[in-house]
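Data block below; observations after.
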Amino acid sequence: MDPAAVAAAPITENVAELLSERLREFPPDTQRLLAVAACVGHEFDVVTLARIAERGVGRVAAELWPALQAGLVVPLDSNYRLLEAVDDGAPEANETVELVVACRFLHDRVQQAALSLSTPEALHEVHLRIGRSLLAAHVGELRGDALFDVVRHLNAGAPRLTDPGERLQLARANLEAARAPSAPPPTSPAPRSRPPAWQCCPRTPGTRSTR
């Protein structure tokens, strides 16, 4: 499968199925990592991916390499070559952690195919981890793109969100996002499950939804 042809041509269902089959030829660890990357977005960097996947940068680089070699994940700069020599526990690994190596999926349908490599339950968990990470890293009031990114990921992870305080916080964030002047265009395929704000509110015992 020619990566340049995939990038230039409209993707039919048959080609999408071929992409899915091609991704499933990768080692299992690479498949799992690509599913995490697809949750992050169409573009991602290796350091962020390592943090979300809870793995070392060296391991992430090794697991991502088959997709880079196949051309289905495309590096956005030449820094990615520096990751070839990185090994978890090696002295140089600590230096490389600070290096931002940006990549993107060759095509939106490649990203969608990567999502299909995982189960809905696992994707919910990854989105929840991403949303919590974004929320923890943000200082001050959530606004603009930061607000939309947090809401998008936490909504996608809502089925795994059980804490009443967090569910109430998410409902308020959804309301704030709905009141915002405009939402940015999506940067990744829509999650399989995206409940509305009212479903994220914790219910008081003895009450029931009127929806």
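What you see is a predicted model, and the numbers here were worked out from it, not measured in a lab.
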Rounded to the nearest 0.5 Å, how far does [atom2] of [Y] lie from [atom1] of [X]?
X	Y	atom1	atom2	value
N174	R172	CG	CZ	12.5 Å
L134	L147	CG	CG	11.5 Å
H124	L161	NE2	CG	12.0 Å
L64	L34	CG	CG	6.5 Å
R104	L72	CZ	CG	11.5 Å
R160	L154	CZ	CG	14.5 Å

(request) Answer yes or no: is there an ion pair linking R132 with E166, defined by an N-O contact shorter than 4.0 Å? (result) yes

(message) Looking at E63 and R59, is there a salt bridge between them, counting it only when a charged N and a carboxylate O are closer than 4.0 Å?
(response) yes

Quick one: closest heavy-atom pair of [X] and [Y], and the distance?
X	Y	result
R22	A70	NH2-CB, 3.7 Å
A35	L115	O-CD2, 4.2 Å
P75	L68	CD-CD2, 3.6 Å
V151	A177	CG2-CB, 4.3 Å
H107	H42	C-CE1, 3.9 Å
V73	C103	CG1-CB, 3.8 Å

Does any non-hydrogen side-chain atom of [Y] lie less than 4.5 Å from one of [X]?
X	Y	answer
H153	L128	no
F44	V36	no
L106	V74	yes

(request) Kindly say whether I130 contributes a backbone atom to a donor-acceptor pair with the side chain of S133 at under 3.5 angstrom? (result) no

(request) Examine distances only and state if a side-chain atom of R55 and a backbone atom of A50 form a donor-acceptor pair shorter than 3.5 Å. (result) no

(request) Please test R109 against L19 for side-chain contact (heavy atoms from CB on, under 4.5 Å), starting from the C-alpha separation and ending with a verdict. (result) CA-CA 8 Å; R109 295 303 289 268; L19 287 173; 4.2 Å; yes

(request) Given side-chain contact (heavy atoms from CB on, under 4.5 Å), test R152 with D149 step by step and report yes or no. (result) CA-CA 5 Å; R152 176 169 66 89; D149 284 343; 4.1 Å; yes

(message) Going by the rule side-chain contact (heavy atoms from CB on, under 4.5 Å), which residues pair with Q31 if we only count those two or more places apart in sequence or in a different chain?
(response) R24, F26, L117

(request) Run the numbers on L76 and E43 for side-chain contact (heavy atoms from CB on, under 4.5 Å), then give the verdict. (result) CA-CA 9 Å; L76 298 181; E43 295 185 6; 3.8 Å; yes

(request) Using salt bridge (charged side-chain N to carboxylate O under 4.0 Å, His left out) as the criterion, list what pairs up with R32, not counting sequence neighbours. (result) D29

